[in-house]
Colleague: 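Sharing a structure below in structure tokens format, with a few things to ask.
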Amino acid sequence: IVSKGSQSQKSLYGIYSMSSASNVTDMRFDSIEYLQNVNKYVVSADGKYGILEVNENKGKYIAREVIPLEYDSISLLDAEEGLFIIKKLDNYGVIREDGATIVPAEFTQIGVGDISPYIKQGITNPYLLFGKCIPVEKNGKYGMYNIEGDKIVDANSNYIGFGCSNAETIVASGGNVLIIPEEAGLGFEGIVVRVATGRYGILSSTGAMKITAIYDSIYTVTKDTITTYYAKRATSAEPELLKNTLDAFTR
């Protein structure tokens with residue numbers, strides 16, 4: 001990535017091949033960011049962003065525009081899946097690296113927001129749950145898409161958030177819960193949802209409501225490396241094993 005400009009002119013950027021000593025692109029971009037883990041360049045010009053990839057053909061490097069410069073911002077969502085978050089006006093969406101739309105640009109937010117309460121669960125990507133579920137938010141309501149672009153929960157649903165972060169107010173050794181992995185023994189991958197009443201339930205990663213949102217907390221307790229999942233109602237003195245609540249609900 002090279003730049004050209006002076007004190008009286010703004011710098012413009014381009015891509016230059018050291019091996020062939022030639023320009024790969026013109027010096028026409030306001031910014032260029034190389035994303036090494038996906039081998040692509042996020043470029044901007046006149047306030048709009050797009051994506052280039054550079055390929056070699058018989059010793060010559062050729063730049064190709066894979067995402068047109070028509071977005072207000074572009075950021076990487078997941079390198080392995082080749083997914084990017086795009087912004088158009090004040091709305092966000094998700095596209096694949098080949099330009100296919102996965103989530104239409106009509107949402108206030110992509111992802112669950114702050115994941116710091118769930119770091120102990122090993123969650124590092126707020127935009128992708130279980131490697132396949134993309135949470136979205138619009139006007140304070142949450143929904144979800146999968147990485148194939150299928151809507152699995154409508155954002156006009158009753159869900160006002162994902163995750164339960166009040167564990168320590170219930171029990172000092174409690175852990176906050178956003179997702180419930182399959183190894184928890186419920187027979188499915190679960191995502192904790194919050195409804196307008198402030199109570200919590202569990203949605204499967206395919207969008208099926210598995211446990212009704214009637215609980216004031218869903219949390220974990222870890223003892224001797226064994227993690228157990230609980231659900232607690234304010235009206236009940238004792239918490240319930242999450243597995244038991246599932247059995248009662250399915251009956």
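For clarity, every value in this text was computed on a predicted model and none was experimentally measured. We count residues from 1, following the sequence as given.
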Colleague: Quick one: side-chain hydrogen bond (donor to acceptor under 3.5 Å, both in side chains) partners of Asn91, sequence neighbours excluded?
Modeller: none

Colleague: Just to verify, what does Asn158 make a side-chain hydrogen bond (donor to acceptor under 3.5 Å, both in side chains) with, not counting sequence neighbours?
Modeller: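 Not a single residue meets the side-chain hydrogen bond (donor to acceptor under 3.5 Å, both in side chains) criterion with Asn158.
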
Colleague: Once salt bridge (Lys or Arg N to Asp or Glu O under 4.0 Å) is applied, do any residues pair with Glu70, and if so which ones, sequence neighbours excluded?
Modeller: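 Expected list: Lys88.
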
Colleague: In chain order, what residues pass the side-chain contact (heavy atoms from CB on, under 4.5 Å) check against Arg28, with sequence neighbours excluded?
Modeller: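 Residues passing side-chain contact (heavy atoms from CB on, under 4.5 Å) with Arg28: Asp26.
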
Colleague: Holding to side-chain hydrogen bond (donor to acceptor under 3.5 Å, both in side chains), I want the full list of residues that pass it with Asn156, two or more places apart in sequence or in another chain.
Modeller: Asp154

Colleague: I'd like to know if the side chain of Asn176 and the backbone of Pro117 have a donor-acceptor N/O pair within less than 3.5 Å.
Modeller: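 Yes: the side chain of Asn176 pairs with the backbone of Pro117.
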
Colleague: State whether the side chain of Asp224 and the backbone N or O of Ile226 hold a donor-acceptor pair below 3.5 Å, judged by distance alone.
Modeller: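 Checking the backbone N and O of Ile226 against the side chain of Asp224, no donor-acceptor pair under 3.5 Å is found.
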
Colleague: Pairs under 3.5 angstrom only: tabulate donor-acceptor contacts from the side chains of residues 182-201 to other protein residues two or more places apart or in another chain.
Modeller:
from	atom 1	to	atom 2	distance (Å)
Glu189	OE1	Lys132	NZ	2.8
Glu189	OE1	Ser205	OG	3.2
Thr197	OG1	Arg199	N	3.4

Colleague: Report yes or no: does Asn166 contribute a side-chain atom to a donor-acceptor pair with the main-chain N or O of Thr169 at less than 3.5 Å?
Modeller: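 Looks like no, no N/O pair under 3.5 Å.
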
Colleague: Test of understanding: with ring-ring contact (aromatic ring centres under 6.0 Å, His included), list the residues that count as partners of Tyr230, not counting sequence neighbours.
Modeller: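 Per chain and number, Tyr230 pairs via ring-ring contact (aromatic ring centres under 6.0 Å, His included) with Tyr219.
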
Colleague: With sequence neighbours left out, write down each residue that passes salt bridge (Lys or Arg N to Asp or Glu O under 4.0 Å) with Glu53, or none if nothing qualifies.
Modeller: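 So Glu53 forms a salt bridge (Lys or Arg N to Asp or Glu O under 4.0 Å) with Lys40, Arg64.
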
Colleague: Among residues at least two apart in sequence or on other chains, which ones pass salt bridge (Lys or Arg N to Asp or Glu O under 4.0 Å) with Asp78?
Modeller: none

Colleague: Taking ring-ring contact (aromatic ring centres under 6.0 Å, His included) as the definition, give me every residue that meets it alongside Tyr159, ordered by chain and number, with sequence neighbours left out.
Modeller: none

Colleague: Go through the structure and list residues passing salt bridge (Lys or Arg N to Asp or Glu O under 4.0 Å) with Lys138, not counting sequence neighbours.
Modeller: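 None.
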
Colleague: Examine distances only and state if a side-chain atom of Asp114 and a backbone atom of Ser116 form a donor-acceptor pair shorter than 3.5 Å.
Modeller: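 It does hold such a pair.
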
Colleague: Under 4.5 Å side-chain heavy-atom separation, chaining through any Ile, Leu, Val, Met, Phe, Trp or Tyr, what else clusters with Phe29? Say none if it is isolated.
Modeller: Ile1, Tyr13, Ile15, Val24, Ile32, Tyr34, Tyr41, Val43, Leu52, Val54, Tyr61, Leu69

